Amino acid sequence: MTTTKTITYSHTIGFLAATGRGFTNPVDLAINSQGVIYVLNRAGPETTVRLPSKRVTMCNLDEEWFGDFGTGGHGDGEFWWPSSIAIDSQDRVYVADEGLQRITVFDSEGKFLDKWGTKGSEDGQLEYPSCMAFDADDNLWLTESFNHRVQKFTKDGQFISAWGQQGSGPGQFDGPWGIALTGSGDIYISDWGNDRIQRYTNDGVLIEEFAGLSGEDAIRRPAGLTVDGEGNIYVADWGNERVKVLGPDGSLIATLRGESVDSKWAADYFAVNPEEGQLRSEADLFPDLDPPVRRDREISAGVEGFFWGPTSVKLDGEGRLYVADTLRHRLQVYEVN
């Protein structure tokens with residue numbers, strides 16, 4: 001049955017900042033029990049100048065900034081190619097790292113607690129962990145883009161199970177990215193290379209796949225995804241520079257292109273930099289591009305209000321949708337009714 005949703009832009013959090021109050025290529029986010037938003041900054045290539053930007057920023061919905069933790073490197077509490085962030089029932093923060101092939105654990109204030117993971121393709125080993133999610137029993141599920149599978153661990157890193165193999169057939173993956181768990185125990189995977197979403201039981205039995213959309217509605221290179229209590233699927237349609245919402249039957253019920261205006265942090269910056277602020281006030285965030293027909297990625301690069309590289313979508317318990325707008329260094333927040 002097709003459902004309807006009203007999705008309204010609320011506000012933007014963040015702007016580009018190499019360190020401190022701001023983001024640098026935010027690739028994922030997680031929200032703890034106290035409403036603190038942890039934003040994972042991937043920060044691009046591993047150059048020396050970018051290493052301090054590889055960090056986790058802490059803020060809230062009202063754009064209060066609580067600091068950050070982590071930095072680029074190979075040591076304890078450091079990141080090299082961070083890809084995903086998740087929070088367990090005790091508000092401990094877990095960060096997956098595609099470069100170091102490991103999971104790093106912090107307390108809610110960013111103090112390093114533990115790390116686990118070794119590179120490889122055997123059970124319990126990691127090869128480019130892409131996305132993580134906790135179930136109701138505090139088990140950690142993750143996708144691996146290189147090993148083309150899903151693995152399940154205890155929160156302490158003890159291997160429980162694994163399933164999946166490379167391919168394009170039913171139940172196979174080509175670089176799986178996003179993972180979402182439902183209260184009923186189903187698991188949704190965004191199968192990036194196969195341009196589809198697949199739904200499984202928690203022991204890896206395929207239930208159905210969603211790949212029937214065509215034309216402008218088709219999903220291309222799906223990244224992060226989440227599922228609400230009614231079974232609606234929210235997916236970062238990375239290849240099309242959009243966020244799409246599918247009903248429980250896989251039908252398209254909404255498409256978001258992005259509607260961002262300046263955040264409070266950006267407004268504060270322009271207030272103390274009036275010359276830049278003046279130029280900003282005269283800028284058109286939604287220009288009519290010439291020529292009018294261009295690739296979606298080029299349009300997003302030229303229209304600042306649009307998504308540019310959306311990678312992660314998350315729902316909170318109050319009916320809000322958060323989108324990690326990676327190449328614009330911000331979160332876009334929507335009200336969902």
Side-chain angles (χ1 to χ4, degrees), residues 10-47 49-73 75-88 91-100 103-113 131-132 223-224 226 236 260-270 307-316 320-334:
S10 173
H11 64 286
T12 291
I13 302 174
F15 75 137
L16 174 61
T19 57
R21 192 178 68 160
F23 307 137
T24 312
N25 302 119
V27 70
D28 199 9
L29 69 133
I31 306 169
N32 77 0
S33 65
Q34 304 303 308
V36 177
I37 305 170
Y38 295 80
V39 181
L40 182 62
N41 297 275
R42 192 172 173 94
E46 302 89 342
T47 59
V49 69
R50 288 183 179 267
L51 291 181
S53 300
K54 296 176 181 290
R55 68 200 192 279
V56 176
T57 303
M58 298 178 289
C59 61
N60 67 11
L61 181 69
D62 296 326
E63 298 180 70
E64 294 179 279
W65 179 68
F66 304 129
D68 51 34
F69 59 89
T71 188
D76 291 348
E78 296 180 338
F79 313 124
W80 199 250
W81 204 231
S83 56
S84 181
I85 189 166
I87 296 175
D88 70 11
D91 281 344
R92 288 175 295 209
V93 180
Y94 293 65
V95 176
D97 196 312
E98 292 181 314
L100 301 178
I103 310 299
T104 301
V105 188
F106 303 86
D107 69 13
S108 61
E109 297 180 350
K111 177 183 177 182
F112 170 78
L113 297 176
C131 193
M132 301 183 295
T226 189
S260 182
V261 296
D262 286 340
S263 67
K264 290 180 182 178
W265 298 353
D268 289 346
Y269 173 84
F270 290 127
F307 298 127
W308 190 17
T311 54
S312 177
V313 291
K314 296 291 172 68
L315 290 166
D316 67 14
R320 284 180 289 260
L321 175 70
Y322 300 74
V323 182
D325 197 359
T326 304
L327 296 179
R328 293 286 185 209
H329 316 285
R330 64 193 178 192
L331 307 181
Q332 294 199 42
V333 184
Y334 291 77

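Index from 1, following the sequence. Bear in mind the structure is a predicted one, so any value in this text is a computation, not a measurement.
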With side chains defined as the heavy atoms from C-beta onward, is the minimum distance between Asp268 and Arg21 less than 4.5 Å?
yes

Any chance you could measure Arg328, atom CZ, to Thr12, atom OG1, to the nearest 0.5 Å?
11.5 Å

Would you please test Ser10 and Arg320 for side chain to side chain contact (heavy atoms under 4.5 Å, CB included) and show each step?
CA-CA 9 Å; Ser10 173; Arg320 284 180 289 260; 5.7 Å; no

Side chain to side chain contact (heavy atoms under 4.5 Å, CB included) between Trp81 and Lys54: does it pass, once the steps are laid out?
CA-CA 8 Å; Trp81 204 231; Lys54 296 176 181 290; 3.7 Å; yes

Do Asn25 and Leu327 have side chains that approach each other closer than 4.5 Å (heavy atoms only, starting at C-beta)?
yes

Ignoring hydrogens and angles, tell me if any N or O in the side chain of Arg55 forms a donor-acceptor pair with the backbone of Ala18 under 3.5 Å.
yes

Note, Ser260 side chain near Arg330 side chain (heavy atom, < 4.5 Å):
yes

For the backbone of Thr104 and the side chain of Asp97, can you confirm whether one donor and one acceptor N or O come within less than 3.5 Å of each other?
no

Ring-plane angle category for Phe106 and Phe69, please: parallel below 30°, perpendicular beyond 60°, tilted otherwise.
tilted

Looking only at side-chain N and O atoms, does Asn41 offer a donor or acceptor that is under 3.5 Å from a partner on Ser53?
no

Which heavy atom of Lys264 sits nearest a heavy atom of Asp62, and at what distance?
NZ-O, 3.5 Å

Residue pair Leu321 / Val313, side-chain heavy-atom distance below 4.5 Å:
yes

Does either side chain, that of Asp28 or that of Ser84, offer a donor lying less than 3.5 Å from an acceptor on the other one?
yes

Do the side chains of Tyr38 and Val95 get nearer than 4.5 Å, heavy atoms only?
no

To the nearest 0.5 Å, what is the distance between CD1 on Ile87 and CE on Met132?
10.0 Å

Using every non-hydrogen atom in the two residues, find where Leu331 and Ile37 come nearest and quote the distance to one decimal.
CD1-CG2, 4.2 Å

Does Thr24 reach the main-chain N or O of Ala43 with its side chain, forming a donor-acceptor pair under 3.5 Å?
no

For Pro310 and Val323 the tightest heavy-atom approach is CB-CG1, 4.1 Å

Passes side chain to side chain contact (heavy atoms under 4.5 Å, CB included), Val39 versus Ile13? Steps please.
CA-CA 11 Å; Val39 181; Ile13 302 174; over 6 Å; no

Using the rule given for side chain to side chain contact (heavy atoms under 4.5 Å, CB included), can you reason through Leu61 versus His11, listing the C-alpha separation, both sets of side-chain angles and the distance that settles it, and then say yes or no?
CA-CA 9 Å; Leu61 181 69; His11 64 286; 3.6 Å; yes

For the residue pair Thr19 and Asp68, confirm or rule out a side-chain donor-acceptor distance under 3.5 Å.
no

Heavy-atom check, side chain of Arg42 versus side chain of Thr326, under 4.5 Å:
no

In Å, rounded to the nearest 0.5 Å, how long is the span from CD1 of Ile85 to OH of Tyr94?
12.0 Å

Could you tell me whether Asp107 and Lys111 make a salt bridge, using a distance below 4.0 angstrom between a side-chain N and a carboxylate O?
no

Spacing of CZ belonging to Phe23 relative to OG belonging to Ser263, to within rounding of 0.5 Å
8.0 Å

Heavy-atom side-chain contact between Leu29 and Ser312 under 4.5 Å
yes

When you compare the side chain of Leu315 with that of Tyr322, does any pair of heavy atoms fall below 4.5 Å?
no

Determine yes or no for a side-chain-to-main-chain donor-acceptor pair under 3.5 angstrom, with Trp265 supplying the side chain and Gly22 the backbone.
no

Under the 3.5 angstrom rule, does the side chain of Asn32 hit a backbone N or O of Gln34 as a donor-acceptor pair?
yes

